[in-house]
**Q** 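Right, I'll just put the structure down here and ask away after.
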Amino acid sequence: MTVVDPPNIRRYERLLPGERPVRFLEPDGKPSESCDGADRYSLPDRDRLVDMYRGMVLGRRFDRQATALTKQGRLAVYPSSRGQEACQIAAALCLRSSDWLFPTYRDAVALTARGVDPVEVLTLLAGDWHCGYDPVATRCAPQCTPLATQLLHAAGLAYGEARQGRDTVALALCGDGATSEGDFHEALNFAAVFGAPVVFLVQNNGFAISVPLARQSVAPSLAHKGIGYGIAGEQVDGNDPIAMLAVLDEAVRYARAGRGPYLIEAHTYRIDAHTNADDATRYRAEDEVREWLARDPLSRLETYLRELGAIDDDFVSAVAATAEDEAATLRRRMNVDRPADPDELFRHVFAEPTPQLREQLTQMRAEQAAQTPED
């Protein structure tokens, strides 16, 4: 007697991520001999990989400068993405200008790579009341601090765009900690049920602030979490720039073709502390950090492109010089004191201010007038 698996079992097998993360490059930048899952994805062309390298160099320098601005008091807080540049730049490069990006507070590099003004990207982190840039004009949602709430926004927007006959794809980024939030599961379920063209990219950097992944989930991988919702998933080496771009390209094509949402888990690492307010030495060992430094995505791609003959010393120096120029411009622009208008505290709360708001505004203005010295 021949036993045939039920159709739904065969369907779910097609949704399963690979047993090991997709990898094109070894940590030393050499082509991977095992090619874990690389046979399922197309190698990005050389020009796009050169763009990837350029974006990663500029992004890393921006990240270092933003960290320095925090120490100088120009930013209230800054969550560094050092070590996660392959995820950040691939997220920007895989999208069309008409697509949408839904970032977290740690995705400033992805926003600058998307073309958003760096000063506007840092506006929220400087302590202003707004996100700094126009979400509609940039097709970038505001950086989201509450974990996972932006995933629901992405699913809803993607569904709405599809309902209007547009082939827009939404790419929503989050961290491993966000997968423990209810909004993560609600977003996946909604996106799957309504076939929303959204790609969920989980940057698994090992820690939800100080909580290691082993204390968050016992699933085979975070990419497997899509199975319960009927969502295709994949896990990828998040420090392999080629693998990141190849997998994201395919996921975006999948969603744009009307096949529904896609879940990707990128295995990466946060080299710096959670934010400038965090002491990472309290919960992780230096040996672990050194191990991940040896898997640096930037040097990995540079080695590969040099051996390919796509870049040389002159190109590397020119990109580094551009990165320094942009960092100097960012320093100059961020070191200009911006005028503060206290009335803004009340201006955009309600279309028609409530009596209580009017009373508070009057009280504030009276206090200001009392503190202003007479001429």
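Below, all heavy atoms of this structure are taken into account, side chains as well, without hydrogens, waters or symmetry copies. Index from 1, following the sequence.
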**Q** Thr123 side chain to Val119 main-chain N or O, any donor-acceptor pair under 3.5 Å?
**A**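 A pair under 3.5 Å: yes.
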**Q** Is there a side-chain contact between Val193 and Asn189, using heavy atoms and a 4.5 Å cut-off?
**A**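 Answer yes - side chains close enough.
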**Q** Has Thr112 got a side-chain atom pairing as donor or acceptor with Val109's backbone, closer than 3.5 angstrom?
**A**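 A pair under 3.5 Å: yes.
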**Q** Can you tell me if Arg40 has over 12 outside heavy atoms packed within less than 6.0 Å of its CZ?
**A**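 Buried by this count: over 12 neighbours within 6.0 Å.
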**Q** Taking the side chain as every heavy atom from C-beta outward, state whether Pro27 and Arg300 have any atom pair closer than 4.5 Å.
**A**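 In contact.
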**Q** Is Leu95 reachable from Val116 through a run of hydrophobic residues whose side-chain heavy atoms are each under 4.5 Å from the next?
**A**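 Yes.
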**Q** Looking only at heavy atoms, which two atoms of Ala86 and Gly238 are closest? And how far apart?
**A**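 Reported closest heavy-atom pair: CB-O, 3.4 Å.
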**Q** Between the side chain of Ser217 and the main-chain N/O of Leu213, is any donor-acceptor distance below 3.5 Å?
**A**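 Not confirmed, Ser217 side chain does not pair with Leu213 backbone.
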**Q** Under the rule for side chain to side chain donor-acceptor pair (under 3.5 Å), what residues qualify as partners of Asp51, not counting sequence neighbours?
**A**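 Testing Asp51 for side chain to side chain donor-acceptor pair (under 3.5 Å), a comparison that skips the adjacent residues, returns Arg54.
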**Q** Minimum heavy-atom separation for Val22 and Ala243, please, with both atom names.
**A**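 Result for this residue pair: O-CB, 3.6 Å.
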**Q** Do Leu245 and Leu93 have side chains that approach each other closer than 4.5 Å (heavy atoms only, starting at C-beta)?
**A**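 In short, these two side chains touch, coming nearer than 4.5 Å.
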**Q** Does the side chain of Asn335 pick up a donor-acceptor pair with the side chain of Arg74 at under 3.5 Å?
**A**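 Side-chain D/A pair, Asn335 to Arg74: present.
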**Q** Can Val50 be reached from Leu25 by stepping across I, L, V, M, F, W or Y side chains whose heavy atoms are under 4.5 Å apart?
**A**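 Result: yes, single cluster for both.
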**Q** Linking I/L/V/M/F/W/Y whenever any side-chain heavy atoms sit under 4.5 Å apart, do Leu101 and Leu58 land together?
**A**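 No: no chain of side-chain contacts under 4.5 Å links Leu101 to Leu58.
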**Q** Are Phe24 and Tyr304 an aromatic pair by the rule of ring centers under 6.0 Å?
**A**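 Between Phe24 and Tyr304, the centre distance exceeds or equals 6.0 Å.
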**Q** Of the non-hydrogen atoms in Leu171 and Ala91, which two are nearest, and what is the gap between them?
**A**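 Heavy atoms only, the tightest pair is CD2-O, 3.3 Å.
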**Q** Once you measure the plane-to-plane angle for His274 and Tyr105, does it fall in the parallel (<30°), tilted (30-60°) or perpendicular (>60°) bin?
**A**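 The rings of His274 and Tyr105 stand perpendicular, inter-plane angle above 60°.
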**Q** Which residue, Glu302, Gln88, Glu85, forms the side chain to side chain contact (heavy atoms under 4.5 Å, CB included) with Met56?
**A**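 Among Glu302, Gln88, Glu85, the one that satisfies the side chain to side chain contact (heavy atoms under 4.5 Å, CB included) with Met56 is Glu85.
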**Q** Assess the residue pair Asn276 and Val77 against the criterion (side chain to side chain contact (heavy atoms under 4.5 Å, CB included)); give the C-alpha distance rounded to whole Å, side-chain angles, the decisive distance to 0.1 Å, and a yes or no.
**A** CA-CA 6 Å; Asn276 52 293; Val77 66; 3.3 Å; yes
**Q** Measure the shortest side-chain to side-chain distance between Ile264 and Val247 over non-hydrogen atoms and say whether it is less than 4.5 angstrom.
**A**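 Touching, per the 4.5 Å side-chain cut-off.
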**Q** Is it the case that Thr268 and Asn239 place a side-chain donor and acceptor less than 3.5 Å from each other?
**A**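 Indeed, the side chains of Thr268 and Asn239 share at least one donor-acceptor pair under 3.5 Å.
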**Q** Write out all pairs satisfying side chain to side chain donor-acceptor pair (under 3.5 Å) with one or both partners inside residues 132-143, taking only residues at least two apart or from two chains.
**A**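 Counting only pairs at least two positions apart or across chains, no side chain to side chain donor-acceptor pair (under 3.5 Å) contact touches residues 132-143.
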**Q** Looking at Arg23 and Glu26, does any basic side-chain N land under 4.0 Å from a carboxylate oxygen?
**A**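 Salt bridge between Arg23 and Glu26, a charged N being under 4.0 Å from a carboxylate O: yes.
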**Q** Do Arg106 and Asn205 come close enough that some side-chain heavy atom pair is under 4.5 Å?
**A**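 The answer is yes; the side chains approach within 4.5 Å.
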**Q** Whether the Asp176 and Gln216 side chains hold a donor-acceptor pair (N or O, under 3.5 Å, no angle test) is what I'd like checked.
**A**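 Asp176 vs Gln216: donor-acceptor pair found between side chains.
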**Q** State which residues pass ring-ring contact (aromatic ring centres under 6.0 Å, His included) with Tyr78; sequence neighbours excluded, sorted by chain then number.
**A**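 Residues passing ring-ring contact (aromatic ring centres under 6.0 Å, His included) with Tyr78: none at all.
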**Q** Enter the distance from Asp99:CG to Glu161:CD here, rounded to the nearest 0.5 Å.
**A**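 So the gap between those two atoms works out to 9.5 Å.
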**Q** Considering only residues two or more places apart or on different chains, which pairs with a residue in residues 339-357 satisfy salt bridge (charged side-chain N to carboxylate O under 4.0 Å, His left out)?
**A**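 Output for this query lists Asp341-Arg347, Asp343-Arg365, Glu352-Arg358.
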**Q** In plain terms, say whether Arg82 and Asp63 are close enough for a salt bridge, that is, a side-chain N and a carboxylate O under 4.0 Å apart.
**A**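 The answer is no: the pair does not qualify as a salt bridge.
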**Q** Any donor and acceptor pair, going by atom type alone, linking the side chain of Asp128 with main-chain N or O of His130 inside 3.5 Å?
**A**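 No.
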**Q** Quick check: closest heavy atoms across Met52 and Pro241, and the distance to 0.1 Å?
**A**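 Where Met52 meets Pro241 most closely, the heavy atoms are CE-O, 3.6 Å.
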**Q** Looking at Glu326 and Arg61, is there a salt bridge between them, counting it only when a charged N and a carboxylate O are closer than 4.0 Å?
**A**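 A salt bridge is absent here (no side-chain N lies under 4.0 Å from a carboxylate O).
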**Q** When rounded to the nearest 0.5 angstrom, what is the spacing between NZ in Lys225 and CG in Leu263?
**A**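 That separation rounds to 10.0 Å.
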**Q** Find the distance between CZ (Phe102) and SG (Cys174) and round it off to the nearest 0.5 Å.
**A**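 Here the interatomic distance stands at 13.5 Å.
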**Q** Got a sec, which residues hit side chain to side chain donor-acceptor pair (under 3.5 Å) with Tyr41, two or more places apart in sequence or on another chain?
**A**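 Expected list: Glu234.
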**Q** Are Val349 and Leu345 connected in the hydrophobic side-chain network, where two residues link if heavy atoms are under 4.5 Å apart?
**A**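 Same cluster.
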**Q** Less than 4.5 Å apart, any side-chain heavy atom of Leu122 and any of Leu75?
**A**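 Leu122 reaches Leu75 side chain to side chain.
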**Q** Do you know the tightest heavy-atom contact between Thr67 and Ser80?
**A**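 For Thr67 and Ser80, the tightest heavy-atom pair comes out as OG1-CB, 4.2 Å.
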**Q** Under a plain distance cut-off of 3.5 Å, with no hydrogens placed, do Asp107 and Thr104 share a side-chain donor-acceptor pair?
**A**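 Short answer, yes.
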**Q** Checking the side chain of Gln235 only, and the main-chain atoms of Ala223 only, is there a donor and an acceptor separated by less than 3.5 Å?
**A**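 Looks like no, no N/O pair under 3.5 Å.
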**Q** Taking Thr168's backbone N and O only, do any of them form a donor-acceptor pair with Arg256's side chain (distance below 3.5 Å, no angle check)?
**A**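 Answer holds: no.
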**Q** With side chain to side chain contact (heavy atoms under 4.5 Å, CB included) as the criterion, how do Leu330 and Phe62 come out once you've worked through the C-alpha distance, each side chain's angles and the decisive distance to 0.1 Å?
**A** CA-CA 8 Å; Leu330 179 61; Phe62 165 85; 3.7 Å; yes
**Q** Nearest 0.5 Å, please: how far is CG in Leu152 from CG in Asp183?
**A**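 Result: 5.0 Å between the selected atoms.
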**Q** Glu288 and Tyr269: side-chain donor and acceptor closer than 3.5 Å?
**A**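 Tyr269 and Glu288 do have a side-chain donor-acceptor pair below 3.5 Å.
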**Q** Taking Gly175's backbone N and O only, do any of them form a donor-acceptor pair with Thr179's side chain (distance below 3.5 Å, no angle check)?
**A**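 A pair under 3.5 Å: no.
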**Q** Would Glu359 and Thr354 count as a side chain to side chain contact (heavy atoms under 4.5 Å, CB included) here? Give the steps.
**A** CA-CA 9 Å; Glu359 180 183 350; Thr354 63; over 6 Å; no
**Q** Rounded to the nearest 0.5 Å, what separates atom CZ in Arg60 from atom CZ in Arg64?
**A**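 That separation rounds to 9.0 Å.
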**Q** Will you find, in the side chains of Arg270 and Gln84, an N or O donor that is under 3.5 Å from an N or O acceptor?
**A**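 Result is no, nothing qualifies.
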**Q** Could you check whether Phe207 and Tyr283 have their ring centres less than 6.0 Å apart?
**A**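 Tyr283 vs Phe207: aromatic centres under 6.0 Å.
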**Q** With side chain to side chain contact (heavy atoms under 4.5 Å, CB included) as the criterion, how do Phe184 and Val202 come out once you've worked through the C-alpha distance, each side chain's angles and the decisive distance to 0.1 Å?
**A** CA-CA 10 Å; Phe184 172 84; Val202 180; 4.2 Å; yes
**Q** I'd like to check Pro261 versus Val199 (side-chain heavy atoms, cut-off strictly below 4.5 Å). Are they in contact?
**A**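 A side-chain contact under 4.5 Å is absent here.
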**Q** Could you pull out all residues at least two apart from Glu19 that satisfy side chain to side chain donor-acceptor pair (under 3.5 Å)?
**A**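 With sequence neighbours excluded, Glu19 shows a side chain to side chain donor-acceptor pair (under 3.5 Å) to no residue whatsoever.
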**Q** State, yes or no, whether a side-chain contact exists between Val236 and Glu265 at a heavy-atom distance under 4.5 Å.
**A**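 When only atoms from C-beta onward are counted, Glu265 and Val236 do not touch, as no gap falls below 4.5 Å.
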**Q** Starting from Met244, can I reach Leu49 by hopping between I/L/V/M/F/W/Y residues whose side chains sit under 4.5 Å apart?
**A**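 Yes.
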**Q** Mind checking the CG-OG1 spacing from Leu151 to Thr149? Nearest 0.5 Å is all I need.
**A**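 Going from the CG atom of Leu151 to the OG1 atom of Thr149 covers 7.5 Å.
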**Q** So, are Arg295 and Asp237 salt-bridged, with charged N and O less than 4.0 Å apart?
**A**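 Salt bridge: no.
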